[in-house]
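Throughout, residue positions are numbered sequentially from 1 according to the sequence presented. Note that this is a predicted model, so its numbers are computed, not measured.
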Amino acid sequence: MYRKITAYRLLLILAAGLFAGCSNSPQLPGEEGLPVQDHSTEAVSSPTNSDNDNLDNPVNIAVDEETVIEPVAVEPPVAAAGPDREISAGTLVTLQGGESLDPNQLPLQYHWQKISGPPVALIGSATEKLRFTAPDVMETTELIIELEVSNGLLTDRDQVVVTVIAAVISDTGETAELSPPQANAGVDQVVAEGTVVVLEGSPSSGSTSLVYEWSQINGPSVTIVQENQTEASFVAPDVDADVVLTFRLRVVMGNLMATDDVAVTVQNIPAAGSIIPSPGGGAVSPPGGSAPPPTGGDVDPAPTPEFVLMPSTAPGTMSWAQFPEFHLPAHFSIVYDGPIFDSVTVPAPPLVKGFSHLADGSDAQRWATTPQQRATLWSSVSGRDDAHGGEPPLRKYRVPWGNDLADWQDWWAAYLRHFTRWFTGVNPPANEPPPPPQVDILVSDVEAHYTSDGLILSTRNQLTSPFIPDDIEALPAAEYIDRYKRDMSAVHVLSHEYARSIGYTGRLGMYGEPPVRRDYGIATPDWATWTTDYSQLNYLLMDFTVAGPDWLTTFPGPVYDTYDTLFPSCYYFYGYPASRQADPNMWDTAGGYLAYLVFSIEINRYWSALANEGDSLEIIPFVWLRYHPSGIPGGEMISTHMAEATAIFAIMAGADGIWLYDGSTPDPTKNYAVYEYFTYGLYRLSPYSDLLTGDVEYYAPEDASSLQYNKKPVWRGVVNNGQMLVAVCNPYAAAGEVTVVPIHYFGTALGSVTLVGPETELVLYTLP
């Protein structure tokens, strides 16, 4: 279900300098000069923590010699890596950069690196807190760690010396025996029955390599998962009354050993009521009520699809003919916007096999679609090269001021006429207003703004951004940033209001601009911060009409109010070897992709539900079966198991569809079997179509940011009519590696799923 907006107005911005009026609009280019389908780089954003945090092209502007331009003073930040440390070998080290500051009150970006010393694996090198395990050394050794902080304009560095002690030094100064290990089983815990309990053995320490052994010494027997790791887990058993379980951690270092015990109190769960949805976090049980809690679960064999995938081996091909039709509920919008390699078959093969919408294909294939089968990306919304001397300010300088609204409207009209020709083959008259786009889903792609305060502030100079009004340029830094965000939000609402003003009634949204934009490092901040801190939200969607600074905590605003659908961009920069060449200690990208995909859906469902009194807008994430190409020649294909998991987990996390995007010219030298595996993932969900329809609850046992931070397996459940379908994957597993994942449902342990490698398993449980 999506909202229809029935009353529209074209907002005319009267703020000084926001638009430069133009009495003589330039003549429209010939219709034949319009793009056939814009899949340029404007439709794809960079793989940094925000879509637009790169200055694309330095611009040289001629300045009259008599012109005097006053420089704007920006003070450098101050890096603080913390005091020097002495630490035993094998100890977990945490360095804090939180004392760093910026005199301009701009947000800081952090980068830690090792300058000298033996190799160590740095965890959190792009956050204010760095962790690593002190290396095993035979003699006292120094490591020099450097922290660099940046406010987007200037940087500062500070170093900390970590002295790693290998042995106990006697009073005579001679080397004595190695220090014995120290075991730390963590703090005592109180948990509910059926809860997945994590036993944390860090920071245990010793001066050489350690061996960890967890065992249970008291209480009802449980199965300990990863009992030989620093971090183990188990599912708390069902109990009739509160029970204490005791676990012992034994740390072995050569012939030396240490132990420590931890107590886990398992509480009996009282009766609970019916299940209700919880935005972004699955389902929750309200207090009170008379329904008894679940006490156990039965595993139903997951239906085995009769079709066995035979992936293509030849480059530049996809074997659509081998696929039977997959069946997903009608409310899922599965958009195909990739290569087909078959320009003859009508209808297009993706539509025949189960995709609901087509965005590309041959002329014959597009023209054979109905409006309900069409989806398209409205690129180049930020303007065109025009008679006024090149690109408009929004597109060229990423500033909201000095743009020609009349020329924009002419350009939008021309582009929307193009959609009619693209999908129907009919050329609308160029001298008449454009007909409403005959498509079901229209996604505008603007991507012409900066998201970080540092880069926003970098525009405050008429040498690089000559269209900034003098009174705005003269504002103090904080006020300038505020004004930029307000006016940029006002600009972004205009194209949507124009589309509605000409009669478009289909689904409308903006590419990559949901309440929480993509941020590859989702582990920091934590889920509690992501769901409460308004500064994490996309400023374009805030209510900038609120006077004063209150708009910073007022969501949603006018841009969000034009949305029917949210389109987060979930492109992958994970696991590609080139991403680790510059910084081998970069946080592990190999498995972070899956938690990130789930997070992008769940966090936006959470905020949208808050904005809509518990009823989220529908969410259709953009996914791409390539690693993000920026800085990576060729845009290599993701692995086949990633493609299959992407199709399955997007639906299992609560998405209302998927936009499968490619955005590049088909390469006949590449293997496109990943598209077949993605389609096979959708096919694997087909037997559960009825379960995915109706009164569905999405069960998230642990938030995705924690899953990525702790590098845990990912699993999600869909509950309907007394059954729970579970999808489970360990995206960090190597080929052939066995992982056992405990499955539970609130107060009930349902069993476990055994995984082999990084593949995805589907299991169906009948709830008691």
Would a 4.5 Å heavy-atom cut-off, applied to side chains only, mark [X] and [Y] as touching?
X	Y	answer
Phe326	Tyr680	no
Pro220	Val243	yes
Thr754	Glu761	no
Leu750	Leu767	yes
Val162	Phe132	yes
His327	Pro687	no

Listed partners of [X] passing side-chain hydrogen bond (donor to acceptor under 3.5 Å, both in side chains), at least two apart:
X	result
Arg250	Glu213
Ser333	Arg507
Ser706	Asp703

Which pairs of donor and acceptor atoms, one on a side chain in residues 647-659, lie under 3.5 Å apart (sequence neighbours left out)?
{"residue": "Asp656", "atom": "OD2", "partner": "Ile619", "partner atom": "N", "Å": "2.8"}
{"residue": "Trp659", "atom": "NE1", "partner": "Asp337", "partner atom": "OD2", "Å": "3.1"}

Measure across [X] and [Y] and return the closest heavy-atom pair with its distance rounded to 0.1 Å.
X	Y	value
Leu552	Tyr534	O-CB, 3.5 Å
Trp715	His744	CH2-O, 3.2 Å
Tyr110	Gly97	CE2-O, 3.5 Å
Val244	Ala263	CG1-CB, 4.1 Å

TODO: Pick out which of Val714, Leu594, Val598, Ile522 makes a side chain to side chain contact (heavy atoms under 4.5 Å, CB included) with Gln708.
DONE: Ile522

Task: Single hit among Leu617, Asn604, Ile603 for side chain to side chain contact (heavy atoms under 4.5 Å, CB included) with Pro514 - done: Asn604

Task: Test of ring centre spacing under 6.0 Å for Tyr745 and Tyr699 - done: yes

- [ ] Report yes if the distance between the aromatic ring centroids of Phe599 and Trp530 is under 6.0 Å, otherwise no.
- [x] yes

Open item on the list: Counting only heavy atoms not in Asp242 (residues, nucleotides, ligands), do more than 12 fall under 6.0 Å from its CG?
Closed with: yes

- [ ] Applying side chain to side chain contact (heavy atoms under 4.5 Å, CB included), name anything that partners Thr529, two or more places apart in sequence or on another chain.
- [x] Pro525, Asp526, Asp533, Gln536

Task: Side chains of Asn612 and Tyr560, donor plus acceptor under 3.5 Å - done: yes

- [ ] Could you note down all residue pairs passing salt bridge (Lys or Arg N to Asp or Glu O under 4.0 Å) where residues 721-741 supplies at least one of them, sequence neighbours left out?
- [x] none

Open item on the list: What's the separation between atom OG1 in Thr565 and atom OH in Tyr563, rounded to the nearest 0.5 Å?
Closed with: 11.0 Å

